Amino acid sequence: RKEVEQDPGPFNVPEGATVAFNCTYSNSASQSFFWYRQDCRKEPKLLMSVYSSGNEDGRFTAQLNRASQYISLLIRDSKLSDSATYLCVVSPRWNQFYFGTGTSLTVIP
Amino acid sequence: GAVVSQHPSRVICKSGTSVKIECRSLDFQATTMFWYRQFPKQSLMLMATSNEGSKATYEQGVEKDKFLINHASLTLSTLTVTSAHPEDSSFYICSARDYRGGTEAFFGQGTRLTVV
């Protein structure tokens, strides 16, 4: 069973739309969760960490549901520059760091 | 933020030769580094976890004799692809975590390997 499952998409949304991505994880003891963004042919860059109480950074909101073992990312008022692949990451332990398959987002003018 | 430098960024080699990729943490010490491979339009697949001063932990299905990992210091890990074949052509990325307890991982720029 995969450590992290993520809907690969693709998601094609118009500018200004709200879009949500979900990810489920298998290890209930996982402690750290992140969303990374990867642009084509580039390395992933941290978008935001995911905290138990949920957290928001501008147009981006991340949530964690430990009972159901999933994390989510909500993007409001989508911009063209948001087009990228979004990767959820689960870290069961310090020396374990697993990526989801990534969800491709294209924001259309 | 912390910086991880990966070298080379691009390499083309002949089938049967070996290629070494370096991953350095420039402004922090990393007891653990991760090596990933990414094929076109696919996600990052963890190959192995490199631990300073000890043997790497390989993921299932990754040949440890083919992908040699050395993590001799707190700032350097190397991945050597031995006897490379065209099917090894891929994007290889390393990442590292700051041993002082930062939870996120920082990524190198990646190495695009083409085996001809």
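Reminder, nothing fancy here: chain letters follow the sequence lines and each chain counts from 1. Values below: every heavy atom of this structure, side chains too, minus hydrogens, waters and symmetry copies. Source: prediction; values computed, not measured.
Proximity to chain A is limited to the side chain of B:F34, based on heavy atoms less than 4.5 angstrom apart. With a 4.5 angstrom heavy-atom cutoff, B:L44 touches chain A via backbone and side-chain atoms both. Contact annotation for A:S32: only side-chain heavy atoms (C-beta onward) come within less than 4.5 Å of a heavy atom of chain B. Residue contact with chain A, scored on non-hydrogen atoms closer than 4.5 Å, is absent for B:Q6. Only the side chain of A:Q38 comes within contact range of chain B, with heavy atoms under 4.5 Å apart.
The number of heavy atoms from other shown groups lying within 6.0 Å of CZ (A:R93) does not exceed 12. No more than 12 heavy-atom neighbours from other residues, nucleotides or ligands sit within 6.0 angstrom of CD1 on B:I12. More than 12 heavy atoms of other residues, nucleotides or ligands shown are found within 6.0 angstrom of CZ on B:F39. The environment of NE2 in B:H7 is sparse: at most 12 heavy-atom neighbours from other residues, nucleotides or ligands sit within 6.0 Å. Counting non-hydrogen atoms of neighbouring residues, nucleotides and ligands closer than 6.0 angstrom, the NZ atom of B:K64 reaches no more than 12 such neighbours.
Atom CZ in B:F106 sits 7.5 Å away from atom CG in A:L46 (nearest 0.5 Å). For the atom pair CZ (A:F97) and CG (B:L46), the distance works out to 10.5 Å, reported to the nearest 0.5 Å. Atom CD of A:E43 sits about 11.0 Å away from atom OG1 of B:T111, to the nearest 0.5 Å.
Note: B:G108 leads B:P40, B:G110, B:G108 in heavy-atom pairs under 4.5 Å with chain A.
Residues A:F21 and A:F60 fall within the same hydrophobic cluster, defined by Ile, Leu, Val, Met, Phe, Trp and Tyr side chains chained together at heavy-atom separations under 4.5 Å. No continuous path of hydrophobic side-chain contacts links B:I93 to B:I21 [ILVMFWY only; heavy atoms under 4.5 Å]. Residues B:V62 and B:Y92 fall within the same hydrophobic cluster, defined by Ile, Leu, Val, Met, Phe, Trp and Tyr side chains chained together at heavy-atom separations under 4.5 Å.
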- [ ] Go through the steps to decide whether B:F107 and A:F34 satisfy the test ring-ring contact (aromatic ring centres under 6.0 Å, His included), and finish with yes or no.
- [x] CA-CA 14 Å; B:F107 284 83; A:F34 310 90; over 10 Å; no
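Taking the six-membered ring for Trp, B:Y36 and A:Y36 have ring centres at least 6.0 Å apart.
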